[in-house]
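Step one of this worksheet: look at the structure below.
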Amino acid sequence: PEKFRALVTVLELEGGDSTRKVTGRRRFEAGEGGVSVAGWNPASTVKLYSATAALLRLQSYGFTRRATVEFRRGRRVARTTVARLVRDALVASDNAAHDRLVQLAGFEGLHRSFLSPANGFARSAILGAYGARAWMRGGEAASLRDSPTILIREGGMRRTLEAETGVYQPPCGGSACTSLRDLSEAMARIVLGDQLPRATGDK
């Protein structure tokens, strides 16, 4: 078809079954290729980004997916666990759970730290709420730039993330955008983990 695009990544591995390392990657692209963000809707694929970025932010504060989170906007309070948000967003593809994960990741942190060229994601952004009508009926804004006050608890630990409004301007518009290469990179990191070689500057 005229707008068809595809990306296939072939991994080169060395070592035994439990110690195999990725030593090289070859990409084969068709149609618009793997770098274009125009002309297609990534839909729920970007929920992988929101979940990963939120978990990484929590990890940096010493929390795990077992943490309880409260989203506070005025008198409205939504309480849940991080594990449930991740499960609902990725397994059930729940839009509200995804939107909460974007808030938890923080708009600025999501785009400047996680979805950044330095981190291997040059053409991705999450801007607008998924399921916007229902989201706005709950008192939230259509733009995911606005995060409410968030209270995180786990065991004896407690941390408050103040409400914020992101100002970063991603390189694309719409509710969300990404490229096949960015998605391929995300899947490789999640599935292969330590089998991937560390980039220069990685800790």
Side-chain angles (χ1 to χ4, degrees), residues 42-116 118-121 124-170 172 174-178 182-183 185-187 189-190 193:
S44 292
T45 60
V46 299
K47 292 175 181 177
L48 185 65
Y49 299 155
S50 62
T52 305
L55 288 169
L56 287 173
R57 187 183 191 188
L58 285 172
Q59 185 183 57
S60 72
Y61 297 147
F63 294 97
T64 72
R65 69 181 189 278
R66 292 183 290 275
T68 298
V69 286
E70 291 181 6
F71 298 85
R72 300 177 174 181
R73 192 180 293 280
R75 295 183 177 180
R76 297 175 183 267
V77 178
R79 183 182 296 107
T80 186
T81 65
V82 177
R84 181 172 182 178
L85 285 176
V86 172
R87 182 179 65 249
D88 288 351
L90 299 185
V91 179
S93 195
D94 183 82
N95 289 328
H98 157 72
D99 295 341
R100 290 296 185 197
L101 287 171
V102 173
Q103 290 180 333
L104 187 56
F107 188 86
E108 291 293 306
L110 173 65
H111 292 95
R112 293 186 188 275
S113 299
F114 183 69
L115 295 177
S116 66
N119 203 31
F121 303 103
S124 298
I126 304 174
L127 306 171
Y130 277 39
R133 289 184 180 179
W135 183 245
M136 293 171 69
R137 284 197 297 269
E140 299 291 341
S143 171
L144 290 178
R145 291 181 178 276
D146 297 318
S147 296
T149 300
I150 303 173
L151 177 61
I152 311 169
R153 292 190 181 98
E154 184 176 1
M157 295 189 300
R158 175 187 174 114
R159 189 182 185 101
T160 299
L161 307 180
E162 299 298 333
E164 62 179 6
T165 299
V167 297
Y168 175 71
Q169 295 295 331
C172 62
S175 293
C177 60
T178 194
D182 283 9
L183 286 171
E185 182 66 26
M187 289 300 297
R189 293 189 188 194
I190 290 171

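Owing to the predicted nature of the structure, the values given are computational and were not obtained by experimental measurement. Heavy-atom basis, side chains included; hydrogens, waters and symmetry copies ignored.
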Is the number of heavy atoms from other residues, nucleotides or ligands under 6.0 Å of Met157 CE greater than 12? yes
Determine, step by step, whether Arg87 and Asp94 satisfy the side-chain contact (heavy atoms from CB on, under 4.5 Å) criterion, reporting the C-alpha distance in whole Å, the side-chain angles of both residues, the deciding distance to 0.1 Å, and the verdict. CA-CA 9 Å; Arg87 182 179 65 249; Asp94 183 82; over 6 Å; no
Distance-only side-chain donor-acceptor flag, Thr64 / Glu154, under 3.5 Å: yes
Heavy-atom side-chain proximity of Val82 to Leu58 below 4.5 angstrom: yes
What's the shortest heavy-atom distance between Pro42 and Thr178, and which atoms? CB-CG2, 3.5 Å
Main-chain N/O of Ile126 paired with His111 side-chain donor or acceptor, under 3.5 Å: yes
Check whether any side-chain heavy atom of Arg65 sits under 4.5 Å from a side-chain heavy atom of Val86, and report yes or no. no
Assert yes or no for the condition that the ring centre distance of Phe121 to Phe114 is strictly below 6.0 Å. yes
Can a donor-acceptor pair be found between the side chains of Tyr130 and Ser175 at a distance below 3.5 Å? no
Which atom of Arg79 lies closest to which atom of Thr68, heavy atoms considered: CG-CG2, 4.0 Å
Looking only at heavy atoms, which two atoms of Val46 and Ala176 are closest? And how far apart? CG2-CB, 4.0 Å
Any chance you could measure Leu104, atom CG, to Ile152, atom CD1, to the nearest 0.5 Å? 5.5 Å
Measure the OG-NE2 distance between Ser50 and His98 for me, rounded to the nearest 0.5 Å. 5.0 Å
Please determine, by modelled atom types, if Ser93 and Ser44 share a side-chain donor-acceptor pair under 3.5 angstrom. yes
Flag side-chain contact, heavy atom, 4.5 Å: Val167 against Glu108: yes
Please examine the side chains of Leu48 and Met187, heavy atoms only from C-beta on, and report whether any two atoms are closer than 4.5 Å. yes
Smallest heavy-atom separation, Leu127 atom then Pro170 atom, equals CD2-CG, 3.3 Å
Above 12 or not: heavy atoms from other molecules or residues under 6.0 Å from CZ of Arg189? yes
Rounded at 0.5 Å granularity, tell me how far CG in Leu90 sits from CG in Leu101. 7.5 Å
Between Leu161 and Thr149, is any pair of side-chain heavy atoms under 4.5 Å apart? no
Hey, does the side chain of Trp135 reach the backbone of Ala96 with a donor-acceptor pair shorter than 3.5 angstrom? no
Within a radius of less than 6.0 Å around CZ of Arg112, do more than 12 heavy atoms belonging to other residues, nucleotides or ligands occur? yes
Scan Arg76, Arg73, Arg145 and name whichever one has a salt bridge (charged side-chain N to carboxylate O under 4.0 Å, His left out) with Glu140. Arg73
Within 45° of the ring axis of Tyr61 and under 6.0 Å from its six-membered ring centre, is that where the NZ or CZ of Arg159 lies? yes
Going through the checks in order, is the side-chain contact (heavy atoms from CB on, under 4.5 Å) test met by Ile150 and Arg72? CA-CA 6 Å; Ile150 303 173; Arg72 300 177 174 181; over 6 Å; no
Look only at the side chain of Ser60 and the backbone of Arg57, and say whether a donor-acceptor pair between them is shorter than 3.5 Å. yes
Pair Arg153 + Glu70, salt bridge at N-O below 4.0 Å: yes
Atom pair CD (Glu185) and CG (Asn119), whose distance is rounded to the nearest 0.5 Å: 8.5 Å
Distance-only side-chain donor-acceptor flag, Arg100 / Asn95, under 3.5 Å: no
Would a 4.5 Å heavy-atom cut-off, applied to side chains only, mark Phe71 and Asp99 as touching? no
Looking at Tyr168 and Phe107, what are the two nearest heavy atoms and their distance? O-CE2, 3.5 Å
At their closest point, which heavy atom of Gly120 faces which heavy atom of Asp182, and how far apart are they? O-OD1, 3.7 Å
Under the criterion side-chain contact (heavy atoms from CB on, under 4.5 Å), I'd like the reasoning laid out for Leu110 against Val102: C-alpha separation, chi angles, the key distance, then a yes or no. CA-CA 7 Å; Leu110 173 65; Val102 173; 4.0 Å; yes
